[in-house]
Amino acid sequence: MILSVLSSPALVSGLMVARAKNPVHSVLFPILVFRDTSSLLLLLGLYFSAMIFPVVHIGAIAVSFLFVVMMFYIQIAEIHEEVLRYLPVSGIIGLIFWWEMFFILDNETIPLLPTQRNTTSLRYTVYAVKVRSWTNLETLGNLLYTYYSVWFLVSSTIFKALSWGVSLLK
Amino acid sequence: MMLEHVLVLSAYLFFTDIYGLITSRNMVRALMCLELILNAVNINFVTFYDLFDSRQLEGNIFSIFAIVIVAAEASIGSAIVSLIYRKKKSTCINQSTFLTK
């Protein structure tokens, strides 16, 4: 129940990002989506990621877009005339995507359709967590600084290029 | 049950924000839909990492690198949008059809 309560604002807000008349609203609705994402991560038990997602997405990205959209005088009128004009072709493409999803995902492992089954669904039980439970931060640090340390340093060079690019653009 | 809910949510957000990205006439809205697309992909990665065997597939690690890229393109994108607004005084996507003007 708590899963539905936490994820249903994300469904509405995701649509309102695309359909909001005011561009400021279309920057504020993703904040709700990021909050729901973080709460889903809490339910999955990934506490560090649940902390980092709002800090980065809301605190850095949404705030910078809010700066951009508040600085400019953006016309509110985005009149969507004849939205249904594109519905036949785009509806067919959307149905193809929908069919592809059901075609790829095996219904025994990932049950998307409601099926009558008496047995519990197949899940892989990780027994290591019952011996010693690692926190999310420990698992990330165990891999990120040892096996994936080169990629970690590469991401720092990405940020270096980013800072140079932004300073040159301004 | 948790797996299906989160996967359907991430697929819904992905496709809804692809729709928002394609049909938006405002640059800032398009960039915001792009952020939500990448967020949906991140949820997908992290869910599969959490609920399945993850010795080989490290979804949480990849989601960290995906967040790095998201933050980078968000800042560069907002800088480009502000520069285009400074030159053309509007953020309509349809106006930038020619490279020279």
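Predicted model only: the values in this text are computed from it and were never measured. In the text below, chain A, chain B and the rest are named by the order of the sequence lines, each starting its count at 1.
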Which atoms of [X] are under 4.5 Å from chain B, going by heavy atoms: the side chain, the backbone, both sets, or neither?
X: A:A60; answer: neither
X: A:L15; answer: both
X: A:I158; answer: side chain
X: A:L41; answer: side chain
X: A:F67; answer: neither

For A:L66 and A:L28, what are the C-alpha separation, side-chain angles and deciding distance, and is it a side-chain contact (heavy atoms from CB on, under 4.5 Å)?
-> CA-CA 8 Å; A:L66 209 52; A:L28 291 177; 4.1 Å; yes

Take atom [atom1] of [X] as the centre, draw a 6.0 Å sphere, and report whether it contains more than 12 heavy atoms from other residues, nucleotides or ligands.
X: A:M101; atom1: CE; result: yes
X: B:F62; atom1: CZ; result: no
X: A:F159; atom1: CZ; result: yes
X: A:I2; atom1: CD1; result: no

Taking every heavy-atom pair that is under 4.5 Å apart, which of [options] has the most such pairs with chain A?
options: B:V6, B:V8, B:V70, B:I80; value: B:V70
options: B:V46, B:I61, B:I43; value: B:I61
options: B:L21, B:I18, B:D17, B:N42; value: B:N42
options: B:T47, B:I64, B:I69, B:I67; value: B:I67

Measure [X] against the heavy atoms of chain A and call it side chain, backbone, both or neither at under 4.5 Å.
X: B:L13; result: side chain
X: B:E73; result: neither
X: B:A30; result: neither

Between A:T37 and B:N39, do the side chains contain an N or O donor and an N or O acceptor separated by less than 3.5 Å?
->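 A donor-acceptor contact under 3.5 Å links the two side chains.
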
Got a list of side-chain donor-acceptor pairs under 3.5 Å for residues 44-59 of chain A, not counting sequence neighbours?
residue: A:S49; atom: OG; partner: A:N136; partner atom: ND2; Å: 3.2
residue: A:S49; atom: OG; partner: B:N60; partner atom: OD1; Å: 3.0
residue: A:H57; atom: ND1; partner: A:F53; partner atom: O; Å: 3.3

Under 3.5 Å, which donor-acceptor pairs link side chains of residues 141-152 of chain A to any protein atom two or more places apart or in another chain?
residue: A:T146; atom: OG1; partner: A:N142; partner atom: O; Å: 2.5
residue: A:S149; atom: OG; partner: A:T146; partner atom: O; Å: 3.4

